[in-house]
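Below is one structure, written out as structure tokens; comments come after it.
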Amino acid sequence: MLVVTKFGGSSLSCATQFAKVKNIVMSDPKRKIVVVSALGKRDSSDTKITDLLYILHAHLKYSVPYEDIWNMIYTRFVDVQNELHISYDIKEDMNTLYKELNKNISLDYLVSRGEYLTAKLMSSYLGFTFVDAKDLLCFNYDGKMDEELTEKKVKQAFSEYGTIVVPGFYGAYPNGSLRLLSRGGSDVTGSILSKCLNVSLYENWTDVSGILAADPRIIPSPKAIKEITYAELRELSYMGASVLHEETVFPVQQLNIPINLKNTNDPQHPGTLIKNDCADEDTIVTGIAGKKDFLSFNISKDHMSNEVGFLRRALSIFEKYNVSIEHIPSGIDSFSVVVNAASVEKCQYELVTDLKKELDAEVSIESDIALVAIVGRNMAKRSGICGTIFQTLGQQKINVKLLAQGPEELNIIIGVASKDYEQTVRSLYQNLVA
Ligand code: ASP
């Protein structure tokens, strides 16, 4: 039995956090593959090493003095080495990096040094072998991962060294130049390694005790979710719950490798388990998430229902402007197309003109719409949930602008005015989750 153990930046922010990580890794011999992010924030006013590296890159590029930023980065790493008496001498690598700093340094290379140096420190501290992600995660020049080659390399490295620390967040092109993943991408590194080694568990350690059933900025101390399916997680993260990088589940889902989200500061807490076959608990609604800033194009035309192809023609206009569509609630001679407001920022008026001209229809725009998703694997084929939702919102005098449910009945999406967003989440949480 093997476990991939990934630690996020907050679990690696200083020597104290490093010590917690060591206790966690050493307390279970199955934890043989460790993935690390770069040193994160020590408190809310602090700056992540990754962000400092991005700033450093901008300073270099625009020839702005960068000594202060460099010193901040240098000190953070060296402090961890000194405080923990780690034998790997990070100063040497940092001095080499300092000499490489110049106006044209690659952004991907410079920013990846956060995870690289963190992994080097951690490998020395744990007594595990450092394996560079550039030798494991192989990308083709089109940016797609060469899955076969990656798997081969990961297996080779693991069988050669047995216990390894790998920096997250980057890989390399065939010529060796580095490619960063998108922000938060160390989660994905952990997931890829889990898949390649077909491990029994992928542990993802952060500073919260699992996934919360609602946004804690709206609901004070929401419940932590014990078990959640990959599909439920996808719905919640798509609708704004910030949990894992959204590409994390895909590699492990194929092999049904569970992900356990755990808290480095409270390792005894079971956290949240993400997997396919969750226990059938009594919980009907697993969680609630939502986002503001949607906009609806309301399109109407007499006898539209008799015109074959009308919807297709309308949607092709959105396609022309490369706008992705969220929902299409419809009536008989009218329908609306709900999109993310940012996606039409630059083409909103052109879209309306084209829609009017090509469809000969009335078109109006309604802005400031918020969408709220009520997600639960146990909602399917169960009556009364919409009843509770409408009753709750009716009592609060909140008007429902749109309603959608996917065919799997895994989620119900409610559209309300943005001003009612927080109250909608609060009242639904109270009646469906708490
Ligand atoms: N350090 C990177 C970031 O801040 C990657 C990660 O933490 O996963 O986005």
Side-chain angles (χ1 to χ4, degrees), residues 4-14 17-18 20-21 24 33-58 69 72-74 76-77 80 90 93-94 97 105-123 130-134 136-137 139 143 145 150 164-172 178-195 202-208 211 233 237 241-252 259-265 274:
V4 165
T5 314
K6 181 256 161 180
F7 293 91
S10 59
S11 306
L12 301 155
S13 58
C14 59
Q17 294 301 86
F18 262 60
K20 291 181 191 170
V21 167
I24 291 168
I33 305 111
V34 175
V35 176
V36 293
S37 293
L39 309 188
K41 292 183 181 193
R42 289 159 293 187
D43 54 58
S44 56
S45 63
D46 201 11
T47 312
K48 286 172 153 201
I49 282 291
T50 305
D51 292 324
L52 290 175
L53 288 164
Y54 274 107
I55 299 171
L56 174 62
H57 186 266
I69 305 268
M72 281 163 88
I73 297 169
Y74 184 89
R76 295 243 0 229
F77 280 112
V80 174
I90 196 163
D93 272 353
M94 301 242 21
L97 177 59
I105 191 167
S106 135
L107 175 74
D108 289 41
Y109 172 74
L110 182 59
V111 173
S112 73
R113 297 307 84 188
E115 302 3 63
Y116 174 89
L117 293 165
T118 308
K120 284 210 134 182
L121 275 176
M122 185 55 82
S123 69
F130 168 84
V131 182
D132 197 340
K134 82 172 169 39
L136 299 182
L137 271 63
F139 291 98
M145 177 162 283
T150 300
I164 58 177
V165 176
V166 180
F169 192 36
Y170 70 98
L178 300 191
R179 178 185 189 277
L180 280 184
L181 306 179
S182 51
R183 291 300 304 262
S186 305
D187 285 343
V188 184
T189 307
S191 186
I192 291 167
L193 298 192
S194 300
K195 180 190 160 213
Y202 170 26
E203 287 180 337
N204 192 298
W205 294 79
T206 66
D207 56 356
V208 283
I211 303 171
L233 180 70
S237 358
S242 56
V243 192
L244 292 166
H245 187 291
E246 62 171 357
E247 279 161 44
T248 311
V249 296
F250 296 116
V252 289
I259 307 173
N260 194 183
L261 237 97
K262 300 263 293 175
N263 187 349
T264 302
N265 306 318
I274 307 158

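The analysis underlying the following values was restricted to heavy atoms, covering all of them including side chains, and did not include hydrogens, waters or symmetry mates. When a ligand or atom number is given, it counts from 1 through the structure's own listing order.
Here CD1 of Ile73 is found 7.0 Å from CD1 of Ile69. Values are rounded to the nearest 0.5 Å. Taken from CG in Leu39 to CZ in Phe77, the straight-line distance is 4.5 Å, to the nearest 0.5 Å. The CG atom of Leu53 sits 10.0 Å away from atom CG of Leu180, with the distance rounded to the nearest 0.5 Å.
Salt bridge status for Lys41 with Asp207: absent, with no side-chain N to carboxylate O gap under 4.0 Å.
When ring centroids are compared, Tyr116 and Phe130 come within the 6.0 Å threshold.
A heavy-atom distance below 4.5 Å is not found between the side chains of Asn204 and Ile274.
Protein residues with a heavy atom under 4.0 Å from ligand 1 are Ser37, Lys48, Thr50, Glu115, Phe169, Arg183, Gly184, Gly185, Ser186.
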